[in-house]
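Step one of this worksheet: look at the structure below.
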Amino acid sequence: MSKTLFASRGNLVGLLLLAVLLLVVFPLVFDIFRLNLVGKYLTYAFVALGLVLCWGNAGILSLGQGVFFGLGGYCMAMFLKLEASSPENTKIQSTPGIPDFMDWNQVTALPWFWEPFHSLSFSLVAVVVVPALFAFVIGLAMFKRRVGGVYFAIITQAIAAILTILIVGQQGYTGGINGITDLRTLKGWDIRTDHAKLILYFINGGLLLGALLLAQFVQQTKLGRLLVAMRDKEDRVRFSGYDVSSFRIFVFCFAAGLAAIGGAMFTLQVGFMSSSFIGIVPSIEMVIYCAVGGRSSLIGAVYGTLLINFGRSLLSESFPQLWQFAMGGLFIAIVMVFPDGLAGLYQTYAAPLIARRFRSGRGGGRIAAASTGSRVH
Amino acid sequence: MPTQNDFVLSVEDLAVSFDGFKAVDDLTFYVDKNEILVIIGPNGAGKTTVLDLICGRTKAIAGSIKFHGEELTAKTEHEIVRAGVGRKFQNPSIYETLTVFENLEISYPRGRSVFGALFFRTDAAVRERIAEVAEMIFLEDCLSMRAEYLSHGQKQWLEIGMLLIQDPDLLMLDEPVAGMSVGERVKTAELLNRIIRDRSVLVIEHDMKFVEDIAHKVIVLHQGKIISQGAMAKVKADPKVVEVYLGH
């Protein structure tokens with residue numbers, strides 16, 4: 001029962017292939033415009049990774065991951081906006097030195113909760129801590145009361161709706177429906193240039209691989225096995241002396257933290273953040289990415305995210321109306337025909353072929369892990 | 001406050017009702033150190049409810065449950081387990097997709113907090129303990145087998161093993177030999193008699209032959225109340241027991 005950082009050799013190979021694809025193949029194949037788009041897609045993959053642990057492994061379906069993605073993105077955007085709103089840049093405003101949308105909304109002083117976002121280190125910490133804390137509060141309120149399943153999903157969805165309404169309504173403090181736009185520099189470094197976009201793409205890719213490793217580490221610890229165990233046999237885990245709710249809170253916060261990093265990288269690469277990434281629709285789309293990848297496969301989640309978003313780009317460039325139907329149809333097909341998504345297809349068809357070709361030891365570890373994780377109820 | 005009794009478990013005036021129906025009513029009994037107490041009674045007598053109450057799954061409306069003098073009724077399930085009460089369910093409740101080894105490993109009482117579990121390592125002490133328990137439950141040759149492939153009786157033993165590895169002072173077993181073959185029953189009785197040396201056991205069972213083999217003391221429940229208790233021979237001769245339970 002030797003356990004390494006990676007569940008098995010197959011996993012290590014999969015990880016290396018993904019790293020090569022993200023960090024070598026994509027930058028060589030795509031021009032900077034497309035690469036920046038891929039970078040944007042990959043920020044959603046952070047959310048999908050969190051969902052694998054939270055939904056695939058622990059069985060907690062959150063339909064509000066956009067909330068954490070958005071909060072992370074907003075924390076980053078607030079810092080960038082303040083830097084872009086220096087008194088020189090905003091001297092034509094009636095109150096120079098505050099973000100433009102505040103000026104348009106007759107706000108005359110920077111609100112207190114914006115003040116700390118002058119500091120980059122505070123903002124970077126806030127990117128992870130604010131969404132994780134929010135998730136902690138939700139988790140504490142829900143899981144301690146043993147709210148789960150459909151009820152939990154509905155509540156997360158309601159939270160996504162409420163937060164969207166709040167942000168849109170508080171236009172003067174949040175930028176409203178337009179979001180926080182016109183972001184320019186990070187500590188004087190212009191993030192809008194092609195060169196900056198290339199560097200940000202690599203930072204994003206590196207962070208994503210790091211997040212994947214971290215999630216894989218969590219998955220193969222005793223905690224990871226307990227998450228699956230409490231999904232399938234909650235009472236047994238509880239009567240083995242574990243506080244089930246605290247484990248659920250942990251995995252929910254972990255997923256929120258990952259989503260938030262994705263959100264912050266989105267803001268940096270796309271150059272704005274708005275309430276349209278928080279609401280119900282994006283939150284559900286993120287669940288679809290995870291489902292398409294195979295809800296208990298971390299690497300699958302990244303491919304699922306890429307596949308759906310490439311599909312969206314291709315289809316919506318040629319047939320804009322068709323995309324929504326295609327996506328809905330795909331989701332139904334996945335649920336009904338391939339409940340284990342891309343990872344399931346790989347395990348069923350490709351993995352045996354590869355194993356026969358190489359005959360390199362026993363790759364049983366990964367298959368066992370995948371089938372452990374893929375019990376659906 | 002010195003309590004003069006040294007009972008492992010004292011249940012006093014315990015009551016619970018579901019929608020006005022009193023499932024357990026004014027129940028008082030004690031479990032001694034190193035004692036096997038068996039609760040018998042017809043279906044719906046409230047036997048499983050008693051276990052649910054002790055392990056915190058159901059909350060009592062009145063009465064007290066003291067374990068080593070410590071009140072359990074206000075504690076949550078995992079706190080009760082950590083205090084030293086282990087519970088086996090009626091249907092084997094094990095992790096089917098994990099191996100026997102992993103089932104025991106996950107039940108090992110270390111790394112029970114979130115971060116404890118995150119940095120838990122299966123070291124020599126854990127392996128040794130798992131091997132020891134596996135031998136006790138007759139599964140030493142099945143450690144790497146997935147639990148779903150075990151026979152029904154072996155699953156029951158595995159669940160008992162998952163409790164034993166926590167070394168509880170009180171072990172509660174809900175119908176441990178239901179669905180077992182004759183041979184397996186004999187082995188289970190032997191197992192219980194072996195593990196009793198360090199702990200007390202509370203058993204719910206229907207199989208009278210098995211009860212006679214293991215019980216030090218028997219309690220007969222009927223409609224949530226104790227109608228008879230004492231040694232098996234005495235209980236068997238009680239006309240009330242014969243009428244509601246044994247007589248058919």
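Here is the naming used below: chain letters follow the sequence lines, and residue numbers restart at 1 for every chain.
- With a threshold of 4.5 angstrom between heavy atoms, B/Ser113 approaches chain A through N, CA, C or O but not through any side-chain atom.
- Using a 4.5 Å heavy-atom threshold, the side chains of A/Tyr242 and B/Arg112 count as touching.
- Here the closest non-hydrogen pair linking A/Val218 and B/Leu118 is CG2-CD1, 4.2 Å.
- The heavy-atom pair separating A/Arg238 from B/Val81 by the smallest distance is O-CG2, 4.0 Å.
- Of the atoms belonging to B/Phe119, it is side-chain heavy atoms, and not backbone ones, that fall under 4.5 Å from chain A.
- Heavy-atom proximity under 4.5 angstrom to chain A picks out B/Arg87, B/Lys88, B/Phe89, B/Ser93, B/Ile94, B/Tyr95 from residues 83-95 of chain B.
- For A/Val237, the parts lying under 4.5 angstrom from a heavy atom of chain B are both the backbone and the side chain.
- Annotation for B/Ile106 and A/Leu226: closest pair CG1-CD2, 3.9 Å, computed over non-hydrogen atoms.
- If you take CD on B/Glu77 and CG on A/Asp235, they are separated by 7.5 Å, rounding to the nearest 0.5 Å.
- In the displayed structure, B/Arg194 atom CZ is contacted under 6.0 Å by more than 12 heavy atoms of other residues, nucleotides or ligands.
- Heavy-atom contacts from other residues, nucleotides or ligands closer than 6.0 Å to OH of A/Tyr349 number 12 or fewer.
- Only the side chain of B/Glu159 comes within contact range of chain A, judged by heavy atoms closer than 4.5 Å.
- Contact annotation for A/Phe250: only side-chain heavy atoms (C-beta onward) come within less than 4.5 Å of a heavy atom of chain B.
- Taking CD of B/Glu105 as the start and CZ of A/Arg225 as the end, the distance is 4.5 Å to the nearest 0.5 Å.
- Summarising the local packing, CZ of B/Phe138 is surrounded by more than 12 heavy atoms from other residues, nucleotides or ligands at distances under 6.0 Å.
- The neighbour count for B/Glu128 CD, taken as heavy atoms of other residues, nucleotides or ligands under 6.0 Å away, does not exceed 12.
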